[in-house]
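Heavy atoms only: backbone and side chains are in, while hydrogens, waters and symmetry mates are out. Quick note: residue numbers are just sequence positions, from 1.
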Amino acid sequence: MFEKQIVIPSAEEILAQQPLPKPLAAIKRERDELCKAVIKGESEKLLVIVGPCSAHESKPVLEYVRRLGKLNERVKDKLVLVPRIYTNKPRTKGVGYKGMFSQPDPENKEDILKGIRTIRDLHLHAIEISGLSAADEMLYPENYAYVEDLLTYVAVGARSSENQMHRLVSSGIELPVGIKNPMSGSIPVLLNSIYAAQSGQVFKYRDWQVCTEGNEYAHAVLRGLVDSYGNDIPNYHYETVMRVYEGYGKSNGEIKNPAVVIDANHSNSGKRFRQQIRIVEEVLQNRLYDGDFKHAVKGFMIESFLEEGCQQHDVVFGKSITDPCLGWADTERLIFDIAEKA
């Protein structure tokens with residue numbers, strides 16, 4: 001039984017009520033092209049998608065993004081920094097805080113309409129104060145339309161990469177879409193997901209039968225895997241990256257723009273947030289010593305916030321209420337190091 005609670009306006013209505021101003025749209029278009037150039041191999045820069053595990057409150061996220069915008073001015077010749085503003089939070093057991101989209105106040109009940117308005121305000125202000133458009137996870141494909149004009153990078157999570165609707169919707173997105181390996185770590189499944197997202201599709205989306213041309217910017221994200229006993233197994237090492245790269249090659253050009261992004265947290269770090277530094281350093285070293293590896297690895301995902309670690313409730317300003325994150329000082333040092341070795 002479904003109890004109807006609140007009528008949610010269409011995405012077209014919401015976008016008309018909270019439009020992206022033309023000056024900010026111009027910034028986003030420029031940022032989109034920078035990201036596309038990295039994935040396509042037309043730019044030697046590294047893509048760094050960095051920010052909190054989940055954006056649970058606007059003020060600390062905006063302070064974080066403001067700092068990131070200033071940092072971007074110092075590294076933009078080597079890096080493309082994209083703030084993580086993740087507003088949908090997957091839950092392993094399906095219950096708990098599900099992100100700002102559903103719960104704009106994590107201490108109160110769900111209010112999706114308020115959540116949609118809140119995240120649009122957050123993204124708009126973030127671009128305005130930093131000059132950076134953001135990344136978000138497409139956890140629910142039907143929600144994507146409410147933010148499609150604001151994002152520069154879209155992530156498909158490990159639990160979603162085998163889902164047909166995620167693959168189909170990704171095929172119609174004109175932005176880099178990072179598809180994470182499934183929880184099992186299967187490389188063939190990951191490559192099949194990328195192939196599907198890069199292919200033209202016909203399907204029902206919202207109220208329409210739609211046709212897409214395929215998204216050549218869909219690419220692999222390695223986030224580690226979980227074995228049948230629940231153990232985290234990393235997959236950022238040289239051998240796995242090269243297996244993915246070789247898998248692209250075996251497609252005989254059917255999968256375009258071979259690209260791998262390394263997620264330094266999640267099962268790669270076992271959620272030991274400080275291990276992200278060591279993982280990034282190892283990957284950077286491998287890029288220095290192997291040309292194919294360097295060609296394959298286009299960037300990193302890093303979980304970071306103003307304060308390191310995590311907390312159960314929103315008490316400390318700028319500290320994650322979900323997975324633990326690097327603090328700002330460590331993040332700044334790491335980004336400078338990535339820029340130096342890019």
Spell out, yes or no, whether F203 and Y144 are grouped together once hydrophobic residues are joined by side-chain heavy atoms under 4.5 Å, including indirect joins.
yes
Using atom types as modelled and distance alone, determine if a side-chain donor or acceptor of E332 lies under 3.5 Å from a backbone N or O of F336.
no
Whether over 12 other heavy atoms sit under 6.0 Å from K22 NZ
no
SG-CD1 distance between C310 and I321, expressed to the nearest 0.5 angstrom:
10.0 Å
Please check if Y195 and M138 belong to a single hydrophobic cluster, counting links between Ile, Leu, Val, Met, Phe, Trp and Tyr side chain heavy atoms closer than 4.5 Å.
yes
Between D292 and H295, a side-chain donor and acceptor under 3.5 Å:
no
Do R206 and E12 meet the salt-bridge criterion of a basic N to acidic O distance under 4.0 Å?
yes
Just by distance, with hydrogens left out, do R167 and S193 show a side-chain donor and acceptor under 3.5 Å apart?
yes
Between E13 and S10 (side chain of the first, backbone of the second, donor and acceptor by atom type, cut-off under 3.5 Å), is there such a pair?
yes
Does A197 have any side-chain contact (heavy atoms from CB on, under 4.5 Å) partners at least two apart in sequence or in another chain, and if so, which?
S170, I179, A218
Common cluster, I173/Y146, ILVMFWY with side-chain heavy-atom separation under 4.5 Å:
yes
Listed by chain and number, what are the ring pair (Phe, Tyr, Trp, His ring centres under 6.0 Å) partners of Y238, not counting sequence neighbours?
F293
Is there a donor-acceptor pair under 3.5 Å between the side chain of S102 and the backbone N or O of E110?
no
Is a donor on one side and an acceptor on the other found under 3.5 Å between the side chain of S320 and the backbone of D323?
yes
Between R29 and D32, is the closest basic N to carboxylate O distance under 4.0 Å?
no
Can you tell me how far the CG atom of L71 sits from the OG atom of S130, to the nearest 0.5 Å?
11.5 Å
Taking only Lys NZ, Arg NE, NH1 and NH2, and the carboxylate oxygens of Asp or Glu, determine whether R120 and D149 approach each other closer than 4.0 Å.
yes
Heavy-atom count around K341 NZ within 6.0 Å, excluding the residue itself: above 12?
yes
Compute whether any side-chain donor of one residue and acceptor of the other, for N231 and D227, lie under 3.5 angstrom apart.
yes
Taking it one step at a time, do N257 and H219 satisfy side chain to side chain donor-acceptor pair (under 3.5 Å)?
CA-CA 8 Å; N257 303 323; H219 60 275; over 6 Å; no
Under 4.5 Å between any side-chain heavy atoms of I85 and V65, yes or no?
yes
When you measure from the side chain of R31 to the backbone N and O of T152, does any donor-acceptor pair fall under 3.5 Å?
no
Quick check: is I49 connected to W328 through a chain of hydrophobic side chains (ILVMFWY, heavy atoms under 4.5 Å apart)?
no
Tell me the side chain to side chain donor-acceptor pair (under 3.5 Å) pairs involving residues 63-82, sequence neighbours left out?
E63-R66, E63-R67, Y64-S304, E73-K76
Any heavy-atom pair between the side chains of D263 and V261 that's under 4.5 Å?
no
Which residue pairs satisfy the side chain to side chain donor-acceptor pair (under 3.5 Å) criterion with at least one member in residues 240-253, sequence neighbours excluded?
none
Measuring only between side-chain heavy atoms, which start at C-beta, is I14 closer than 4.5 Å to L113?
yes
Note, P106 side chain near Y97 side chain (heavy atom, < 4.5 Å)
yes
Working for side chain to side chain contact (heavy atoms under 4.5 Å, CB included), residues N88 and K98:
CA-CA 6 Å; N88 291 277; K98 294 186 176 69; over 6 Å; no
Would you say V61 ends up clustered with Y153 if hydrophobic residues are merged whenever their side chains have heavy atoms under 4.5 Å apart, either directly or through other cluster members?
no
Can you list the steps and then say if N143 with F101 is a side chain to side chain contact (heavy atoms under 4.5 Å, CB included)?
CA-CA 9 Å; N143 293 356; F101 191 101; 3.3 Å; yes
From S267 atom OG to Y236 atom OH, the distance as rounded to the nearest 0.5 Å:
12.5 Å
Side chain to side chain contact (heavy atoms under 4.5 Å, CB included) between L284 and L46, worked out
CA-CA 11 Å; L284 289 171; L46 277 175; 4.1 Å; yes
Judged by modelled atom types alone, do T87 and D136 share a side-chain donor-acceptor pair under 3.5 Å?
yes
Determine yes or no for a side-chain-to-main-chain donor-acceptor pair under 3.5 angstrom, with N265 supplying the side chain and E303 the backbone.
no
Can you tell me how far CG of L334 sits from CD1 of I302, rounded to the nearest 0.5 angstrom?
4.5 Å
Would you tabulate the side-chain donor-acceptor contacts of residues 35-43 under 3.5 Å, counting partners in other chains and residues two or more places apart, or write 'none'?
unit_1: K36; atom_1: NZ; unit_2: E174; atom_2: O; d: 3.2
unit_1: S43; atom_1: OG; unit_2: K45; atom_2: N; d: 3.1

Are R117 and D121 within salt-bridge range, i.e. N to O under 4.0 Å?
no
Side chains of V189 and E162: closer than 4.5 Å at any heavy-atom pair?
yes
For L175, is there any backbone N or O sitting under 3.5 Å from a side-chain donor or acceptor partner on N215?
yes
Would one find more than 12 heavy atoms of other residues, nucleotides or ligands at under 6.0 Å from atom CD of Q285?
yes
Do K204 and V210 have side chains that get closer than 4.5 Å, going by heavy atoms?
no
Do F300 and L47 touch side chain to side chain, with heavy atoms closer than 4.5 Å?
no
Just by distance, do the side chain of Q103 and the backbone of N108 share a donor-acceptor pair under 3.5 Å?
yes
Are any side-chain N or O atoms of Q276 and backbone N or O atoms of F273, one a donor and one an acceptor, separated by less than 3.5 Å?
yes
Does any donor atom in the side chain of N181 or N235 lie under 3.5 Å from an acceptor atom in the other side chain?
yes
Keeping the roles fixed (side chain from R223, backbone from M183), state whether a donor-acceptor pair exists under 3.5 Å.
no
Between K319 and E308, does at least one N-O distance fall below 4.0 Å, as a salt bridge requires?
no
So M301 and K180, side chain to side chain contact (heavy atoms under 4.5 Å, CB included) or not? Walk me through it.
CA-CA 11 Å; M301 289 184 175; K180 293 191 177 184; 3.9 Å; yes
For E44, does the CD atom have more than 12 heavy-atom neighbours from other residues, nucleotides or ligands under 6.0 Å away?
no
Using a 4.5 Å cut-off on heavy atoms from C-beta on, say whether the side chain of H56 contacts that of T322.
no
Partner set under side-chain contact (heavy atoms from CB on, under 4.5 Å) for E239, not counting sequence neighbours:
H237
In this structure, CD of E137 is separated from NZ of K89 (nearest 0.5 Å) by 8.0 Å
